[in-house]
A.B. asks: 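Quick one: structure below, then a few questions.
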Number of protein chains: 2
Amino acid sequence: MSAVLAGTPGRREQNKLDTRRAIAVSALEFARTHGLGNFTVDQVAAEAGVSRRTFFNYFHSAEEALTTSTDAFLELAAAEFMARPADEPLFDAMIAALAAIAKTENLSVCGELFRMAEESPELMRSQLHAWERAETRIRQAVNERLGGNLDPLYLLALVGAVLSCVKAAMQVWAAASNAPPADSASELEDQIVGALSMLRDGFSNPS
Amino acid sequence: MSAVLAGTPGRREQNKLDTRRAIAVSALEFARTHGLGNFTVDQVAAEAGVSRRTFFNYFHSAEEALTTSTDAFLELAAAEFMARPADEPLFDAMIAALAAIAKTENLSVCGELFRMAEESPELMRSQLHAWERAETRIRQAVNERLGGNLDPLYLLALVGAVLSCVKAAMQVWAAASNAPPADSASELEDQIVGALSMLRDGFSNPS
DNA sequence: TGCAAAATTGCACTTAGTGTAACAATGTGA
DNA sequence: TCACATTGTTACACTAAGTGCAATTTTGCA
């Protein structure tokens with residue numbers, strides 16, 4: 001049997017991704033139907049057709065299994081940013097990149113998780129940590145983009161502030177889109193652009 | 001026996017504060033000597049002269065017991081801000097308030113925790129959550145200060161960005177002050193003012 | 001087809017975290 | 001000073017989280 005050109009990243013990788021996804025899906029399912037503290041890892045594992053031990057091979061906790069969507073969302077943001085042309089002004093690149101993430105396929109899930117987190121300290125912590133990890137990655141990207149040796153304070157403050165704006169935008173958007181009309185992506189984009197504009201203006205007027 | 005004028009907040013309140021502090025102290029002690037994942041709640045409770053069950057009456061986890069210093073720090077920041085005169089320009093009030101928190105008594109502990117968190121996901125999550133709670137409180141304060149009905153996006157983005165700057169300042173400061181000369185408070189203040197200035201300028205130049 | 005690498009699983013074990021009821025300490029009023 | 005009500009502490013028992021390890025199954029490759 002001739003191997004397909006796919007090569008090294010073959011069936012194994014795919015299976016792992018499938019398993020990971022299956023676990024994440026059933027975790028989300030339980031969070032929706034039973035509420036956030038009201039189910040066990042054993043249930044999630046069983047639903048995903050996997051042993052309890054395997055669950056913990058993929059995630060450290062139930063909350064972490066719920067954070068995959070948020071992770072993907074933020075990962076995409078970082079990727080979009082790094083794909084911007086190097087000569088583009090920084091803020092333009094950020095706005096373009098971060099606005100583009102509204103295209104994430106499971107955007108509505110991200111909003112859902114955002115709302116869930118308001119009422120679950122554990123999930124909140126997981127989500128915050130996901131944002132923190134993304135911040136680190138983006139910081140590296142920005143640093144490389146701007147020559148490599150920036151003032152550390154500038155770098156930390158800038159990226160932190162930008163992500164705070166994106167977070168703020170998501171929060172407003174998530175709160176408003178309890179019943180997502182499926183095209184709400186553009187609304188999120190508007191919020192993000194709005195928040196980043198305020199940042200660029202130094203929050204000079206509370207319009 | 002005549003009661004002292006202290007009144008209602010009597011021995012009970014004081015005992016609870018003492019117990020709380022004792023637990024926090026021994027948690028920090030264990031984190032320092034044994035490393036962050038390498039001790040149990042039972043050990044901390046025993047060291048604090050308290051039962052395991054009582055520990056959990058005060059904190060949800062070992063990490064939460066470590067976050068008391070950070071909480072106090074941020075609480076003070078919020079209080080300082082709310083104490084600023086109402087007619088002072090917003091940014092001036094924030095800079096004054098946030099710079100004043102450098103006076104926190106256990107500042108060095110905060111820096112220590114900041115550094116510890118880099119290597120412990122659990123502690124990181126706890127710390128991030130503490131900042132998040134503080135952000136909510138400060139947001140309310142700012143909202144009341146500015147009339148009560150601000151644009152939600154503006155409010156979220158502004159406070160988030162400001163706290164990101166403070167966090168950035170602390171990170172730079174904590175990284176630099178491995179051997180704190182005990183007067184490093186002013187250095188932190190400088191970093192905070194620096195970061196907030198960048199924010200006010202819209203991060204226009206990466207000086 | 002057969003072998004090596006890697007993933008899944010079962011099992012045992014420690015620790016986290018919580019409900020509950022008994023117990024001790026504290027504040028209060030006569 | 002003595003009962004009494006309130007509130008904090010403790011012991012106990014229990015469920016579930018999370019991890020190390022060795023056995024087992026699955027997958028990739030020659």
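Sequence lines set the chain letters: A, B, ... in the order given, protein chains first and strands last, and positions in each chain run from 1.
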A.B. asks: In whole Å, I'd like the distance from the CZ atom of A:Phe56 to the P atom of C:dT15.
C.D. replies: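 So the two atoms are 17 Å apart, to the nearest Å.
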A.B. asks: Does B:Arg137 qualify as a cation-pi partner of B:Phe81, given the criterion of NZ or CZ under 6.0 Å from the six-membered ring centre and within 45 degrees of its axis?
C.D. replies: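 The answer is no; the distance or angle limit is not met.
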A.B. asks: I need the CZ-P distance between B:Arg20 and D:dG8, as an integer number of Å.
C.D. replies: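 That distance rounds to 13 Å.
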A.B. asks: Just checking A:Tyr58: base, sugar-phosphate only, or nothing, at a heavy-atom cut-off of under 4.0 Å?
C.D. replies: sugar-phosphate
A.B. asks: In whole Å, what is the span from the CD atom of A:Gln43 to the P atom of D:dA16?
C.D. replies: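 After rounding, the gap between these two atoms is 8 Å.
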A.B. asks: Go through it in stages, so that I can follow the logic: the residues are A:Ser51 and A:Thr54, the test is side-chain hydrogen bond (donor to acceptor under 3.5 Å, both in side chains), and I'd like the CA-CA distance, side-chain angles, deciding distance and then a yes or no.
C.D. replies: CA-CA 5 Å; A:Ser51 82; A:Thr54 295; 3.2 Å; yes
A.B. asks: Got a sec, which pairs hit side-chain hydrogen bond (donor to acceptor under 3.5 Å, both in side chains) with one end in residues 117-126 of chain A, sequence neighbours left out?
C.D. replies: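 Listed by first then second residue: A:Glu122-A:Arg125, A:Arg125-B:His129.
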A.B. asks: If I take atom CZ in residue B:Phe55 and atom P in nucleotide D:dA11, what distance separates them, rounded to the nearest angstrom?
C.D. replies: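 One finds 16 Å between P of D:dA11 and CZ of B:Phe55, rounded.
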A.B. asks: Round to the nearest Å and state the distance from A:Arg52 atom CZ to C:dT8 atom P.
C.D. replies: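 Interatomic distance, CZ of A:Arg52 to P of C:dT8: 16 Å.
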A.B. asks: Think B:Thr54 has a side-chain N or O under 4.0 angstrom from the OP1 or OP2 of D:dT10?
C.D. replies: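 It does, given that an N or O in the side chain of B:Thr54 lies less than 4.0 Å from OP1 or OP2 of D:dT10.
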A.B. asks: Nearest heavy-atom pair of A:Ile23 and A:Phe59: which atoms, and what distance?
C.D. replies: CG2-CE1, 3.6 Å
A.B. asks: Does the C:dT26 base have a donor-acceptor partner in the side chain of B:Arg12 within less than 3.5 Å?
C.D. replies: yes
A.B. asks: For the base of C:dG19, is there a side-chain donor-acceptor partner from B:Arg53 under 3.5 Å away?
C.D. replies: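 Donor-acceptor pair under 3.5 Å: yes.
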A.B. asks: Please determine if a side-chain N or O atom of A:Asn15 lies less than 4.0 Å away from the OP1 or OP2 oxygen of D:dT27.
C.D. replies: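 Yes, such a contact exists.
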A.B. asks: Dump the intermediate steps for side-chain hydrogen bond (donor to acceptor under 3.5 Å, both in side chains) on B:Asn15 and B:Arg11, then the final yes or no.
C.D. replies: CA-CA 6 Å; B:Asn15 284 349; B:Arg11 186 82 98 266; 5.2 Å; no
A.B. asks: With a cut-off of less than 4.0 Å, is there a side-chain N or O of B:Thr19 near OP1 or OP2 of D:dT9?
C.D. replies: yes
A.B. asks: Between atom CD1 in A:Ile23 and atom P in D:dA17, what is the gap in whole Å?
C.D. replies: 14 Å
A.B. asks: Taking 4.0 Å as the cut-off, does a side-chain nitrogen or oxygen of B:Ser51 come that near to OP1 or OP2 on D:dT10?
C.D. replies: yes
A.B. asks: Please state how far atom CG in B:Asn57 lies from atom P in C:dT20, giving the value in whole angstrom units.
C.D. replies: 14 Å
A.B. asks: Let me know the distance between CG of B:Asp42 and P of C:dG17, rounded to the nearest Å.
C.D. replies: 11 Å
